[in-house]
Amino acid sequence: MKMTFPIVIIDDEDLIREGLRQFLEWEGYTVFTANNGQKGLDLIRKNQGASLIVVDLQMPVMSGEQFLTALKAEENPAIKNAPVLLLTARSQISAHEGVAGIVRKPLDLEDFLSTVKRLCPSD
Amino acid sequence: MKVENTEAIFKFLVSAVQDYAIFALDPQGNILTWNIGAERLKGYTAQEAIGSHFSRFYTPEDLARNHPAKELEQAIIYGKYEEEGWRVRKDGSRFWAHVVITALKDTEGQLKGFAKVTRDLTDRIKAEQMRATELAYQETKALLNASPSFFGFVDPQTGVLTISNDLSLKVIGKTREEVFGKLFWECPWWKPLPESAARIREAIEKAAEGESSEFDVTYWSSPEGTPKGQARWVTFRAIPYRDKAGKINQIAVSGIDFTERKAAEEQTKEAIRIRDEFLSIASHELKTPLTGIKIHTQLLKRMLTKDPVKTLTNERISQFVGIVELGMDRLSRLVEDMLDISRIENRKLSFHFEKIDLSELVSETLKRFRLELADAGIEVITDLEAGLLAKVDRFRFEQVLTNLITNAIRYAPRKPVEVTLSHANKRAVLSFRDSGPGIDKKDQEKIFKRFERLISANEVSGMGLGLFICKQIILGHRGSIRVESELGQGARFIIELPLAEKEP
């Protein structure tokens with residue numbers, strides 16, 4: 001049986017994180033959330049993988065950049081190769097290696113959904 | 001007197017005159033007679049001179065323009081020709097001559113020849129030139145001393161400063177005697193700054209070899225009455241000065257102080273940098289609540305159009321609308337802060353004072369934040385002296401309190417906050433103590449400045465305007481705000497306000 005990993009949303013802003021979670025759950029996804037990079041990483045390790053990681057760049061404790069570095073250092077391929085969507089309010093952002101896409105705040109939910117569908121097609 | 005006698009006396013007189021060359025020419029300009037004065041002046045003996053043409057005393061330039069012949073022509077036409085000009089001695093040296101040529105004619109008007117009297121005026125010219133030089137020197141000195149720049153001369157052989165203007169001496173509080181004759185790069189302008197001294201030395205050595213240089217360098221300024229002195233910026237020039245023979249006999253050194261301009265430029269740069277950073281932080285801050293609002297309005301829209309039966313519950317609608325409202329409040333607070341900043345900058349922050357019991361205002365405001373404080377796990381301990389009246393702008397003062405409360409929520413959650421109100425020396429003293437991370441001594445002034453945030457943008461959100469606005473508001477109340485803190489020891493903000501007279 002094929003194991004399905006959850007989508008993990010990491011953002012310190014409650015309004016954004018919970019809104020996105022609600023939206024993706026309505027779309028039939030299993031969603032876990034965390035409010036900083038460290039908690040997000042712990043969550044992904046606990047689940048031994050993620051089908052998609054949506055991560056904010058600017059967060060306390062562990063920022064999005066630090067999270068990406070830590071993620072790539074993981075051994076489990078289901079963790080380190082999980083597709084990552086960067087969520088950011090920065091207008092100028094440099095390309096990040098190993099990132100599947102960048103979502104700019106304020107985001108459009110329909111656009112967001114089509115990106116999510118492309119990266120992890122629901123079964 | 002017999003004619004023979006007078007003629008003899010005259011001849012004797014002419015031959016004995018030493019200071020004038022007096023001699024006769026035939027009509028073609030050939031020399032007929034020669035006196036001692038002529039020999040002394042021109043260096044030729046009578047034997048050498050007599051019979052030769054008088055043009056031999058002229059410079060090549062004069063010969064080229066046929067000047068000797070023209071002089072004779074003029075003498076024939078007007079009877080006499082007079083001028084001052086350069087003449088050449090036998091040894092090739094020149095002297096400045098006063099020359100009178102008189103045409104000698106017989107009773108019929110027939111030209112018989114010329115009498116020529118020449119006087120050496122070189123000494124007079126030299127004296128005049130020296131006077132002019134002295135005058136030029138005095139003028140130059142006055143000019144240099146009136147200049148806002150530093151000037152001086154350095155000897156190319158030794159590197160020693162030989163002269164400099166008053167201003168350059170004034171900025172180091174030294175007299176001429178103290179610096180003239182010293183190695184230039186060891187003078188007090190450069191000595192305390194080894195790097196500058198090395199550059200100056202290099203520039204002087206280059207100039208001694210004929211190469212000019214210009215660069216910006218720091219010098220040490222220590223005018224009289226300033227015990228410490230300070231490093232300042234100067235645009236320095238070293239320019240070799242050559243004499244007619246091409247030998248470098250002076251190095252002109254000059255400097256223009258541009259410290260103030262540099263400081264202004266750096267201030268402008270810093271202001272632009274801060275503003276750019278502010279814009280980037282501000283747009284980030286605005287986007288965050290905007291994103292929350294946008295997500296939840298889109299969710300509401302989706303609920304209305306898709307699957308309304310399952311999702312569209314009253315509870316959910318009011319929850320989402322509440323979230324949108326919260327985001328709007330945050331947005332308008334941010335916008336208000338930015339407007340306050342612009343009001344402060346344009347000095348348009350206005351106040352509407354009323355006499356208010358401070359303890360009431362403080363407890364009202366704290367009450368309004370009861371829920372947020374409880375959410376953040378902050379227990380508020382108060383000790384407020386009742387009946388302290390102050391002239392306060394209610395709205396603005398609440399803004400200050402709100403700021404302190406939200407700072408505690410943001411930076412010092414899950415720890416108690418102590419708020420006390422008392423009075424001392426006719427001033428109300430409001431103290432707001434948290435148990436957060438504390439503020440380093442070196443940063444305590446900074447936090448009241450515009451756009452300053454100690455914790456990087458990655459960690460805690462905010463624009464860094466809050467305490468700056470607070471301080472401006474408190475200053476507008478003729479009060480003061482300060483912080484007492486040490487790293488790891490929490491922070492205590494203390495506001496003092498002048499007390500108002502109690503109603504009779």
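These figures come from a predicted structure and were not determined experimentally. Just so we're on the same page: letters track the sequence lines, and every chain starts at 1.
The nearest pair of heavy atoms linking B:His296 to A:Leu15 is CE1-O, 2.9 Å.
Atoms CG and NZ, from B:Leu290 and A:Lys105 in turn, are 11.5 Å apart once rounded to the nearest 0.5 Å. Distance OG1/B:Thr291 to CD1/A:Ile16: 4.5 Å, rounded to 0.5 Å. In this structure, CG in A:Leu109 is found 8.5 Å from NZ in B:Lys294, a value given to the nearest 0.5 Å. Between atom CD of residue A:Glu18 and atom CD1 of residue B:Ile295 there is a gap of 10.5 Å, rounded to the nearest 0.5 Å.
For the side-chain contact (heavy atoms from CB on, under 4.5 Å) test, residues two or more places apart in sequence or in another chain that qualify with B:Glu484 are B:Arg482, B:Arg492, B:Ile494.
For B:Glu315, the CD atom is loosely surrounded, since the number of other residues' heavy atoms within 6.0 Å does not exceed 12. The environment of CG in B:Asn314 is sparse: at most 12 heavy-atom neighbours from other residues, nucleotides or ligands sit within 6.0 Å.
Contacts between A:Asp11 and chain B at a heavy-atom distance below 4.5 Å are absent for every atom of the residue.
Scanning residues 298-305 of chain B against chain A with a 4.5 Å heavy-atom cutoff picks out B:Gln298, B:Leu299, B:Arg302, B:Met303, ordered by number.
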Check against side chain to side chain contact (heavy atoms under 4.5 Å, CB included), A:Trp26 and B:Lys306: CA-CA 10 Å; A:Trp26 279 343; B:Lys306 251 183 167 179; over 6 Å; no
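Side chain of B:Lys287 to main chain of A:Ala89: a donor-acceptor pair is present (N/O by atom type, distance under 3.5 Å, no hydrogens or angles).
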